[in-house]
Enquirer: 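Quick one: the structure is below, questions incoming.
Sequence lines set the chain letters: A, B, ... in the order given, protein chains first and strands last, and positions in each chain run from 1.
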Amino acid sequence: MPELPEVECLTRVVRVALKGGRLLDAAFLRADLREPIPVDEFRRLLVGEVVEDVFRRSKYLLMKTRRGYGVIHLGMTGALVQHDTAAPQEPHTHAVFRIANRRGRESYLHYVDARRFGRISCLAGASYESHAFFENLGPEPLVCPDLGGHLFNESRGRKQPIKAFLMDARMVVGVGNIYASESLFRAGIHPEREAGSVARARYGRLAAAVRETLEASIQAGGTTFRDFRNADGKPGYFAVSLNVYDRADEPCRRCAATIRQLRQSGRSTFFCPVCQS
DNA sequence: CTGAAGACCTGCCTGC
DNA sequence: TGCAGGCAGGTCTTCA
């Protein structure tokens with residue numbers, strides 16, 4: 001399940017493969033993802049054009065050309081895998097992009113997504129920030145200069161549990177279910193605590209915990225969990241160091257108390273009842 | 001406005 | 001063995 005570190009790792013691989021090169025063709029085997037792929041517009045904005053940049057905003061991967069942007073979101077089960085052939089290599093291959101790197105060497109990026117929660121779209125024009133996908137997004141956790149202060153300010157008056165608050169992309173992007181549990185553990189904050197009741201200093205610790213957790217996962221190549229693979233098809237290796245996620249009834253690595261599981265807003269939360277308060 | 005719940009989708013796992 | 005049912009969750013929509 002791709003979260004921000006997975007998308008960051010993928011973006012780096014795609015950047016090497018595509019920045020300064022061209023998208024030569026885009027074949028769509030089925031266009032009915034979470035929303036229909038705008039096939040004609042996508043081709044018009046991207047095919048044949050030089051890819052000036054490949055970057056990430058939140059969990060979206062963007063490819064910039066002089067005409068606009070290609071936008072890819074992997075949803076829950078999506079993957080973008082590089083191959084030497086256009087022929088689908090596995091079930092649920094929904095799109096195949098023929099690309100050339102800046103030296104002209106050709107390869108293929110296969111978009112694979114069993115559950116079709118993902119999104120392939122495009123934006124015309126020179127800027128992407130004002131588009132509906134992006135206009136309400138909070139800051140990037142890895143580069144925001146004062147994430148703790150920002151979260152503290154945004155949280156005042158909110159009765160929402162801090163875990164739901166932390167996962168709200170309008171507050172900060174890129175903290176999905178796994179990293180929300182892990183970050184709250186690292187910061188020692190109970191996931192059910194009211195967001196508005198958490199002190200400024202604790203938000204400072206939480207912001208540091210979010211950053212450390214995400215960066216550790218990026219270093220490890222993204223969390224391996226069920227469906228995720230990197231663009232070269234290799235799994236990431238972060239799952240081995242998860243402290244609480246999916247560890248219900250197992251001992252806390254810090255204090256040996258039993259890790260507990262609960263449901264918040266329909267999502268599984270894992271926490272240590274001793275380390276987190 | 002807030003916050004919670006539902007919908008989307010399909011592979012995998014459990015239990016009968 | 002087969003099959004029903006629950007679960008996974010990012011994001012958008014709906015509802016109270």
Enquirer: Less than 4.0 Å between a side-chain N and a carboxylate O, is that true for A:Arg57 and A:Glu129?
Expert: no
Enquirer: I need the A:Thr85 OG1 to A:His110 NE2 distance, nearest 0.5 Å.
Expert: 6.0 Å
Enquirer: Distance check: side-chain N/O of A:His73 vs OP1/OP2 of C:dG10, anything under 4.0 Å?
Expert: no
Enquirer: Holding to ring pair (Phe, Tyr, Trp, His ring centres under 6.0 Å), I want the full list of residues that pass it with A:Phe133, two or more places apart in sequence or in another chain.
Expert: A:Tyr60, A:His131
Enquirer: Sequence neighbours left out, what passes ring pair (Phe, Tyr, Trp, His ring centres under 6.0 Å) with A:Phe185? Give chain and number order.
Expert: none
Enquirer: Quickly work out the A:Arg116 CZ to C:dC12 P distance and round it to whole Å.
Expert: 18 Å
Enquirer: For A:Leu74 and C:dT11, give me the distance from atom CG to atom P, rounded to whole Å.
Expert: 10 Å
Enquirer: In whole angstrom, what separates A:Glu3's CD from C:dG10's C1'?
Expert: 9 Å
Enquirer: Begin with the C-alpha distance, continue with both residues' side-chain angles, and end with the deciding distance and a verdict on salt bridge (charged side-chain N to carboxylate O under 4.0 Å, His left out) for A:Asp84 and A:Arg105.
Expert: CA-CA 10 Å; A:Asp84 288 328; A:Arg105 177 178 159 74; 3.7 Å; yes
Enquirer: Is a salt bridge present between A:Glu8 and A:Arg12, judged by a nitrogen-to-oxygen distance below 4.0 Å?
Expert: yes
Enquirer: With each end axis built from five pairs of C1' atoms, what bend angle do you get for the helix from B:dT2-C:dA16 to B:dC16-C:dG2? Round to 10°.
Expert: 60°
Enquirer: When the distance from CZ of A:Arg115 to P of B:dC12 is rounded to whole Å, what number comes out?
Expert: 10 Å
Enquirer: I want to verify a distance call: between B:dT10, C:dA8, C:dG10, whose nearest atom is closest to the A:Met167 side chain?
Expert: C:dG10
Enquirer: Atom CZ of A:Arg263 to atom P of C:dC7: distance rounded to whole Å?
Expert: 6 Å
Enquirer: Should A:His92 be listed as having a side-chain N or O under 4.0 Å from OP1 or OP2 of B:dG11?
Expert: yes
Enquirer: Where the side chain of A:Arg119 is defined as all heavy atoms beyond and including C-beta, which of C:dT11, C:dG10, B:dT10 is the nearest nucleotide?
Expert: C:dT11
Enquirer: What is the nucleic acid contact for A:Phe133, judged by heavy atoms within less than 4.0 Å: base, sugar-phosphate only, or nothing?
Expert: nothing
Enquirer: For residues 16-27 of chain A, which side-chain N or O atoms pair as donor and acceptor with protein atoms under 3.5 Å away, sequence neighbours left out?
Expert:
| unit_1 | atom_1 | unit_2 | atom_2 | d |
| --- | --- | --- | --- | --- |
| A:Arg22 | NH1 | A:Gly48 | O | 2.8 |

Enquirer: With sequence neighbours excluded, tell me which residues meet ring pair (Phe, Tyr, Trp, His ring centres under 6.0 Å) with A:Tyr69.
Expert: A:Tyr128
Enquirer: Please give, in whole Å, the distance from C:dG10 P to A:Glu35 CD?
Expert: 18 Å
Enquirer: From CG of A:Asn136 over to P of C:dG10, roughly how many Å is that when rounded to an integer?
Expert: 19 Å
Enquirer: In whole angstrom, what separates A:Leu166's CG from C:dG10's P?
Expert: 12 Å
Enquirer: Salt bridge or not between A:Arg119 and A:Glu35? Use side-chain N to carboxylate O under 4.0 Å.
Expert: yes
Enquirer: Treating primed atoms plus P, OP1 and OP2 as sugar-phosphate and everything else as base, which nucleotides of nucleotides 1-8 of chain B get B, S or - for protein heavy atoms under 4.0 Å?
Expert: -SSSS--B
Enquirer: Can you tell me if the side-chain N/O atoms of A:Thr77 get under 4.0 Å from OP1 or OP2 in C:dA8?
Expert: no
